There are 2 protein chains.
Amino acid sequence: MYQRVARVRDDGRMSKQPKYRQVADALRREISDGKFPPGSRLPSENDLTERFSASRNTVRSGLMQLVSEGLITSSQGLGYEVRSHEVFELNASRFENLSFPQQGDAYNTDVRNAGRHPHQTFRVELKPAPPDIAERLKVEPASTTVLRFCHRFVDDVPWSTQATYYPEWLVNKAPRLTEPGDIAEGTTRYLAGLGIEQAGYFDEISTRMPTPDETRLLEMSAGVPVLLWTRTGYADDRPIRCTLTTLRGDLNRMNYEVSALANRDESQ
Amino acid sequence: MYQRVARVRDDGRMSKQPKYRQVADALRREISDGKFPPGSRLPSENDLTERFSASRNTVRSGLMQLVSEGLITSSQGLGYEVRSHEVFELNASRFENLSFPQQGDAYNTDVRNAGRHPHQTFRVELKPAPPDIAERLKVEPASTTVLRFCHRFVDDVPWSTQATYYPEWLVNKAPRLTEPGDIAEGTTRYLAGLGIEQAGYFDEISTRMPTPDETRLLEMSAGVPVLLWTRTGYADDRPIRCTLTTLRGDLNRMNYEVSALANRDESQ
DNA sequence: TTGCTCAACTTGTTTGAACAAGCTGACGCT
DNA sequence: AGCGTCAGCTTGTTCAAACAAGTTGAGCAA
């Protein structure tokens, strides 16, 4: 039976909020007040059913709300747990090409410096350029590109995926880009040795909820968005690579350090 | 009655996916295939109930899934609509202090250049520094700061909120920061006129699901994350401001253009 | 002690029903 | 023609019940 929520009640204020939202609001408040600290467990659905005089389904609706806000997680047989946050800082404005090797190693050193254990799987493909990549690389759509793909973990927790596309003309100059394994000295350094130096890049950052594929690959729980980071690298004003990085939003933060003096001359 | 989903069925593959997920997957596929283009409406819950031979609640679970993925929206009385995307580019690496005025105006000109109509509300507060702000401004926690708050719209659609904190010592030098209205020439330019020039900044970017407050202020629908952008501005290596910007993730993309030459000298 | 089983918890999935409430167009009245 | 009402669509909220399935610890057997 439908039971209209009291319109004038509660703490005296008008509150014609639906019951499931009252549940969510109450629990959210208690979590932020520290009654349920990160890592702790919430009362079971049955307990909450009693406490709020609501059906189990209604309580579940409220809990679902908090799950999709990224505040709590649920596991069958275990209960609901308050999510604890731990972010990894990602310094994006640093240039890797002087004393630092490239990608894999920038990541490796960063992670190790943080006292964590890095791990990654690697894959190389030949692939026709997707439209957005082709546009950024200034090549024909569906023209051949080399795709170097990385799946990265920190302490065996999936952290990010990275797909770097190289245009065909560059691969002709730098054939080792098609090597199926990691390039020991780093691709940036390898390219620099061939006289192709990444002199600048253009970064685009956006966010959205993960696709089912991303959810699987990054083992993401509900209510956590991804950070999408696209870096287009240039040498002599010509695009030489385009890197799409997908980062778990709950684990990563990106940093840029920019100085006015450095940028003064290149007013866009 | 509980009815176990067929284990060997469908297209011949093992598929012991729960029914509500089958609904979500089928619809997601049809949306990405273009059967339901952005802006179009999905069949009603009743139609889907028939099509999938499931109860209305099960169909709703599947639809909820897509809503929280940010793929569709629902409106009472109207139905489910496929979300259409339109992003606004935000050039974050540009320096505003040469020929461009500050914040409000960088935003105003950007929006107008895009052929859109900007609009913002403004507020000034005196507020004790929150811990994270105090740390970034290198002042005592809870010491006095001036908070200048902006609520921004594009074509009357809520776009972002921006809160800039100035430390007390700076306000003593630049009293107009407490003026309740907009500073016509822009705060950066006003400060530069007093010999305080923002020579660099440190940006931090992260993402998460919005809080209920943010959902209300930015009129966000379910399944859309926010982009959090923290900019700490420096003059002579001393923090002079800290700006927290909350951006609707479905409407914004941030860009950084960085050149190696510019950054070569300031290896951190 | 070790190891297995199982009862008793937990959340996950599904159904059917009922009523609330927003939206739209048809119909009929003025 | 103009306007208001309302039937009939839509999604939103809530309930009660049942069975599925993951987790854990108590207790029994080897």
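Letters A, B, ... mirror the listed sequences (proteins, then strands); counts begin at 1. Note that this is a predicted model, so its numbers are computed, not measured.
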**Q** Can you tell me how far C1' of dT11(C) sits from CD1 of I72(A), to the nearest Å?
**A** 12 Å

**Q** Atom CG of L48(B) to atom C1' of dC9(D): distance rounded to whole Å?
**A** 15 Å

**Q** Quickly work out the M64(A) CE to dT14(C) P distance and round it to whole Å.
**A** 12 Å

**Q** From dT13(C), dG22(D), dA20(C), pick the nucleotide closest to the side chain of Q76(B)?
**A** dA20(C)

**Q** Atom CD of E50(A) to atom C1' of dA16(D): distance rounded to whole Å?
**A** 16 Å

**Q** Taking any heavy-atom pair under 4.0 Å as a contact, classify S61(B): base, sugar-phosphate, or nothing.
**A** nothing

**Q** Where the side chain of Y20(A) is defined as all heavy atoms beyond and including C-beta, which of dT11(D), dA16(D), dT13(D) is the nearest nucleotide?
**A** dT13(D)

**Q** DNA chain D: Y80(B) or V59(A), which has the more 5' nearest nucleotide?
**A** Y80(B)

**Q** Under 4.0 Å from OP1 or OP2 of dT15(C): is there any side-chain N or O of T58(B) that close?
**A** yes

**Q** Under 3.5 Å, is there a donor-acceptor pair linking the side chains of R208(B) and T207(A)?
**A** no

**Q** OP1 or OP2 of dG12(D) sitting under 4.0 Å from any side-chain N/O of S74(B)?
**A** yes

**Q** Roughly how many Å is it from CD in E81(B) to C1' in dG22(C), rounded to a whole number?
**A** 15 Å

**Q** Where the side chain of R60(A) is concerned, which of dT10(D), dT11(C), dT14(C) is the nearest nucleotide?
**A** dT11(C)

**Q** Could you pick out which residue, D47(B) or S55(A), lies toward the 5' side of DNA chain D when each is mapped onto its nearest nucleotide?
**A** D47(B)

**Q** Would you call the rings of F153(B) and H119(B) parallel, tilted or perpendicular if under 30° counts as parallel and over 60° as perpendicular?
**A** tilted

**Q** Quick one: which of dT13(D), dC15(D), dT10(C) gets closest to the side chain of R21(A)?
**A** dT13(D)

**Q** Looking at S44(B), does any N or O in its side chain come under 4.0 Å of the phosphate oxygens OP1/OP2 on dT10(D)?
**A** yes

**Q** In whole angstrom, what separates E45(B)'s CD from dA21(C)'s P?
**A** 17 Å

**Q** Which nucleotide wins on minimum distance to the side chain of N46(A), given the candidates dT11(D), dT13(C), dT10(C)?
**A** dT10(C)

**Q** Is there a donor-acceptor pair under 3.5 Å between the side chain of K19(A) and the backbone N or O of S53(A)?
**A** yes

**Q** Are R116(B) and F88(B) in a cation-pi setup, meaning NZ or CZ lies under 6.0 angstrom from the ring centre and within 45 degrees of the ring axis?
**A** no

**Q** Any ion pair linking E81(A) and R41(A) (charged N to carboxylate O, less than 4.0 Å)?
**A** no

**Q** Side chains of Q65(A) and R21(A): is there a donor and an acceptor less than 3.5 Å apart?
**A** no

**Q** Closest nucleotide of DNA chain C for L78(A) versus for N57(A): which of these residues is on the 5' side?
**A** L78(A)

**Q** When you check the phosphate oxygens OP1 and OP2 of dA20(D), does a side-chain N or O of K16(B) lie under 4.0 Å from one of them?
**A** no

**Q** Can you find a side chain N or O atom of R56(A) that sits less than 4.0 Å from OP1 or OP2 on dC15(D)?
**A** no

**Q** Could you tell me the separation between the CZ atom of R41(B) and the P atom of dC9(D), rounded to a whole number of Å?
**A** 13 Å

**Q** Rounded to whole Å, how long is the line connecting atom CD of Q17(B) with atom P of dG12(C)?
**A** 15 Å

